[in-house]
Amino acid sequence: MNISLSKPVLLMASLLCTVAIAQAQEPPATAPAQAAAPLPVPAISWEAPPLEPFTATYQALYKGKEAGDATMKVTHTGGAQWRVDMQVVGRRGFASVLGLNLEQSTVFEKQGEVYVPISQATVRKGLFLGKKVSGTYNWQAGTAQWLGDLKKERTQPIPLQPGDQSALLINLAIMRDARPGSQMHYRYVDVGRVRQHDYQAAADTENVQVGDLSYNALRVHRTNGGNDETILWIANGVPTPVRILQREDGEDRIDLRLIEYQGV
């Protein structure tokens, strides 16, 4: 699975009054017509997309250069259970060498409006590296644990809290929760780590050009990522982000831009 707010402005005006001796002898001035109050600006109409199966294809850029492609897929596996998969494939230049070959998946249950992770898997491939990790969210025991190519400290059980999300589920949760001007808070529990993820949605939409397509999209960015920025743009009626940008130290790193999506 990164907005500046307008600073309040204090307007100060000085009132200059001129008193004429003859004013008392003149007829009172007619009061100027009162300006009509401005009409309220209507709130942006925003409707979260329902959780439905889809397949989305992205163009993948690495440090601003075309590097490959990515696919995000949501599948209903039966009953309350679902699965979300993301595959990023580096096909050009150093992208394939430096690890831009990633497969992630999360099996989860939809309990009301809450997405509850059940299991997670990550496979990363590269010329000089490779990593395979799998994890289980054991809600009965109240712990999550990962096994595989990890440091020892990241294979220890992690106490679970209600609402914990995997990386991919945070993307889906943002699609569900984001509204113009809203703040979102998630506890990331994935690959043996726990982090707080806080997001801010812009107050208004902006035009986002993705290839030959143009979207009126809402910008959502993580506010507590430090030098690692995550920015998503989501569009009304589209079930997946139209663009996902990861930046490090102020520079673009991985940039996924939606090419097409379709229901399954």
Side-chain angles (χ1 to χ4, degrees), residues 1-2 60 62-63 70 72 81-90 94-109 111 114-174 177 183-200 220-232 244-256:
M1 101 226 25
N2 321 171
Y62 184 75
K63 294 187 175 181
M72 181 182 288
Q81 195 167 98
W82 295 72
R83 175 177 169 136
V84 55
D85 293 89
M86 169 69 87
Q87 182 181 35
V88 184
V89 180
F94 287 103
S96 59
V97 176
L98 297 178
L100 189 61
N101 285 280
L102 176 69
E103 298 175 12
Q104 286 185 307
S105 67
T106 297
V107 175
F108 66 100
E109 288 186 356
Q111 298 180 4
V114 179
Y115 303 151
V116 180
I118 304 301
S119 63
Q120 190 276 339
T122 298
V123 178
R124 185 184 293 274
K125 301 175 183 178
L127 182 60
F128 303 113
L129 56 86
K131 182 172 71 173
K132 186 174 182 180
V133 177
S134 61
T136 301
Y137 300 83
N138 188 335
W139 290 96
Q140 289 185 339
T143 60
Q145 188 170 16
W146 277 260
L147 301 174
D149 301 316
L150 288 172
K151 295 180 180 179
K152 185 177 180 180
E153 59 267 24
R154 288 172 57 184
T155 63
Q156 302 304 307
I158 297 173
L160 285 171
Q161 296 180 10
D164 286 350
Q165 303 284 272
S166 73
L168 291 180
L169 281 187
I170 288 179
N171 285 341
L172 295 183
I174 288 174
D177 299 337
Q183 295 181 351
M184 292 143 283
H185 308 281
Y186 308 102
R187 188 171 180 259
Y188 163 106
V189 180
D190 204 332
V191 196
R193 292 181 295 188
V194 179
R195 293 175 177 173
Q196 181 65 28
H197 279 218
D198 299 326
Y199 293 85
Q200 173 71 55
V220 179
H221 79 284
R222 187 181 172 198
T223 59
N224 66 337
N227 292 332
D228 297 330
E229 300 176 75
T230 301
I231 312 172
L232 303 93
I244 303 172
L245 175 62
Q246 293 182 350
R247 309 184 79 228
E248 291 183 6
D249 299 321
E251 297 184 355
D252 292 1
R253 186 170 174 84
I254 299 177
D255 189 354
L256 305 181

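Basis for what follows: all heavy atoms, side chains included, without hydrogens, waters or symmetry-related copies. Bear in mind that the values here come from a model prediction, so they are computed numbers and not experimental data.
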To the closest 0.5 Å, what do you measure between [atom1] ([X]) and [atom2] ([Y])?
X	Y	atom1	atom2	value
Thr106	Ile118	OG1	CD1	10.5 Å
His197	His185	NE2	NE2	13.5 Å
Thr143	Ile158	OG1	CD1	9.0 Å
Gln200	Asn224	CD	CG	12.0 Å
Ile244	Leu232	CD1	CG	5.5 Å
Gln183	Tyr199	CD	OH	14.0 Å

Looking at [Y], is its backbone amide N or carbonyl O close enough to the side chain of [X] to form a donor-acceptor pair, meaning the two atoms are under 3.5 Å apart?
X	Y	answer
Tyr137	Asp164	no
Gln145	Thr155	yes
Arg154	Val191	yes

Report the C-alpha separation of Asp177 and Tyr186 in whole Å, then their side-chain angles, then the decisive distance to 0.1 Å, and conclude whether the side chain to side chain donor-acceptor pair (under 3.5 Å) test is met.
-> CA-CA 11 Å; Asp177 299 337; Tyr186 308 102; 2.7 Å; yes
Applying the side chain to side chain contact (heavy atoms under 4.5 Å, CB included) test to [X], which of [options] qualifies?
X	options	result
Met86	Leu256, Thr122, Leu102	Leu256
Val107	Pro117, Ser119, Ser166	Ser119
Tyr115	Leu172, Ile170, Val84	Leu172

Are any of the side-chain heavy atoms of Glu251 and Lys63 separated by less than 4.5 Å?
->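 A side-chain contact is absent here, since even the closest heavy-atom pair is not under 4.5 Å.
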Residue of the set Arg247, Arg253, Arg222, Gln246 for which side-chain hydrogen bond (donor to acceptor under 3.5 Å, both in side chains) holds with Glu229 =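 Running side-chain hydrogen bond (donor to acceptor under 3.5 Å, both in side chains) over Arg247, Arg253, Arg222, Gln246 with Glu229 returns exactly one hit, Arg247.
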What is the minimum heavy-atom distance between Trp146 and Val133, and which atoms define it?
->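 Trp146 and Val133 have their closest heavy atoms at CD1-CG1, 3.5 Å.
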Taking all heavy atoms of Asn138 and all of Leu160, pick out the closest pair and write down the distance.
->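 It is O-CD1, 3.9 Å.
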Side-chain H-bond candidate by donor/acceptor type, Asp198 with Gln196, under 3.5 Å =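 Yes, a side-chain donor-acceptor pair sits under 3.5 Å.
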Can we say Lys132 and Asp149 salt-bridge, meaning some charged N sits less than 4.0 Å from an Asp/Glu carboxylate O?
->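 Result for this pair is no, no salt bridge flagged.
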